[in-house]
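Working notes, structure below.
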Amino acid sequence: MLRSASTPSLRSLRHAFANTSKTLAITTLAAGLTLGAVEAQAKGDLTRKPIGLPDLVLGSEQSDYSMSHKTYQLETGKAYKLNIVSSGLKEYAVEAPEFFAAIYLRKVEAGGMEIKASMLTQLEFEDEGEAEIYFVPIKPGSYRFFAEGLENKGMEGTFEVK
């Protein structure tokens, strides 16, 4: 049988096919195990049944600078709903930059609208009003929240994410 220098032998083709088959089998097995692990952890849509947190009320009859809650205890992978209520006694601009970067934001509901965004920077209340934030914490840590410019009046707190 005549063979050119670039034509592979039957033996080398069998060897290459056997190695490719083994690699494909191992890759398929690894992918199956990985998908099984993910499926075992994720049971349904994590964002659809949020846990309602106590309202964060800004300002009260006692003080324009009161904040109803200073700490929220959260867990990664659980969906939450936080209603932020402005008394309208002052302009309040709520910020939590590190926290907003460490959550999956599903939506914000305010003024009869549903706002879908990938990130929040600030929730500003010029008058009395409410905004509901629907989110899932994705990174553990201690995250500060505050009313911009009113921190020295005690308008700050933390989200503790385990």
Side-chain angles (χ1 to χ4, degrees), residues 23-162:
T23 302
L24 182 60
I26 290 170
T27 303
T28 303
L29 178 62
L33 290 173
T34 302
L35 289 175
V38 169
E39 184 177 319
Q41 291 176 354
K43 299 283 186 195
D45 186 345
L46 298 175
T47 65
R48 294 295 173 181
K49 295 180 183 173
I51 299 165
L53 296 170
D55 290 356
L56 176 59
V57 181
L58 309 171
S60 69
E61 290 179 7
Q62 289 77 31
S63 172
D64 298 358
Y65 304 107
S66 71
M67 226 177 209
S68 63
H69 288 82
K70 299 285 188 168
T71 305
Y72 286 95
Q73 299 292 329
L74 310 170
E75 290 182 41
T76 58
K78 291 188 177 183
Y80 294 95
K81 174 180 74 167
L82 175 60
N83 190 38
I84 301 174
V85 181
S86 169
S87 64
L89 298 172
K90 295 228 172 288
E91 283 189 19
Y92 301 105
V94 178
E95 293 187 15
E98 292 85 12
F99 179 71
F100 291 154
I103 64 172
Y104 163 73
L105 179 64
R106 184 170 160 245
K107 66 179 176 177
V108 176
E109 291 183 359
M113 294 189 324
E114 196 172 284
I115 304 156
K116 306 233 173 153
S118 60
M119 177 120 180
L120 280 176
T121 303
Q122 180 184 81
L123 289 172
E124 185 173 333
F125 297 90
E126 294 178 0
D127 297 309
E128 186 176 354
E130 296 183 24
E132 283 184 323
I133 305 171
Y134 293 78
F135 64 92
V136 177
I138 56 175
K139 186 177 174 188
S142 181
Y143 302 99
R144 182 173 166 253
F145 67 89
F146 56 92
E148 182 188 32
L150 303 175
E151 304 95 308
N152 61 346
K153 300 284 188 181
M155 296 196 78
E156 61 185 345
T158 58
F159 291 109
E160 298 292 337
V161 182
K162 304 280 184 229

- Message: For the backbone of E160 and the side chain of S142, can you confirm whether one donor and one acceptor N or O come within less than 3.5 Å of each other?
- Response: no

- Task: Search all heavy atoms of F146 against all heavy atoms of P97 and return the closest pair with its distance.
- Result: CE2-CD, 4.0 Å

- Message: So if I apply the side-chain contact (heavy atoms from CB on, under 4.5 Å) rule between L58 and each of E128, E91, M155, which one comes out positive?
- Response: M155

- Task: Work out which heavy atom in P140 is nearest to a heavy atom in K162; give both atom names and the distance.
- Result: CB-C, 4.0 Å

- Query: Does S86 reach the main-chain N or O of F125 with its side chain, forming a donor-acceptor pair under 3.5 Å?
  - Reply: no

- With distance as the sole test, does E156 use its side chain to make a donor-acceptor pair with the main-chain N or O of G154 at under 3.5 Å? no

- Message: If I take atom CD from residue E114 and atom CZ from residue R106, how far apart are they, to the nearest 0.5 angstrom?
- Response: 7.0 Å

- From I103 CD1 over to I133 CD1, what is the distance, rounded to the nearest 0.5 angstrom? 7.0 Å

- Heavy-atom closest pair, residues P50 and Y80: CB-C, 3.7 Å

- For side chain to side chain contact (heavy atoms under 4.5 Å, CB included), just list the numbers for M67 and L56, CA-CA rounded to whole Å, side-chain angles, deciding distance to a tenth of an Å, and then say yes or no. CA-CA 7 Å; M67 226 177 209; L56 176 59; 3.8 Å; yes

- Message: For F145 and L82: C-alpha separation, side-chain torsions, deciding distance, then whether side chain to side chain contact (heavy atoms under 4.5 Å, CB included) applies.
- Response: CA-CA 13 Å; F145 67 89; L82 175 60; over 6 Å; no

- Item | Atom CD of Q73 with >12 non-hydrogen neighbours under 6.0 angstrom | yes

- Message: Given K81, which partner from the list E132, E109, E130 fulfils the salt bridge (Lys or Arg N to Asp or Glu O under 4.0 Å) test?
- Response: E132

- Rounded distance [0.5 Å steps], CD in E124 versus CD in E95: 9.5 Å

- Identify the two heavy atoms, one from Y92 and one from G59, that lie closest to each other, and give their separation to 0.1 Å. OH-CA, 3.4 Å

- Query: More than 12 heavy atoms of other residues, nucleotides or ligands under 6.0 Å from NZ of K70: is that the case?
  - Reply: yes

- Just how far is it from atom CG of N152 to atom OH of Y65, taken to the nearest 0.5 Å? 8.5 Å

- Near M113 CE, under 6.0 Å, is it more than 12 heavy atoms from other residues, nucleotides or ligands? no

- Here the pair of heavy atoms bringing E148 nearest to E151 is C-OE1, 3.8 Å

- Can we call the ring centroids of F99 and F135 under 6.0 Å apart? yes

- Note on the structure: Separation between CG (D64) and CG (L150), nearest 0.5 Å, reads 9.5 Å

- Does a side-chain heavy-atom distance below 4.5 Å link I51 with L74? no

- Item | Straight-line distance of I138 CD1 to Y104 OH, nearest 0.5 Å | 10.5 Å

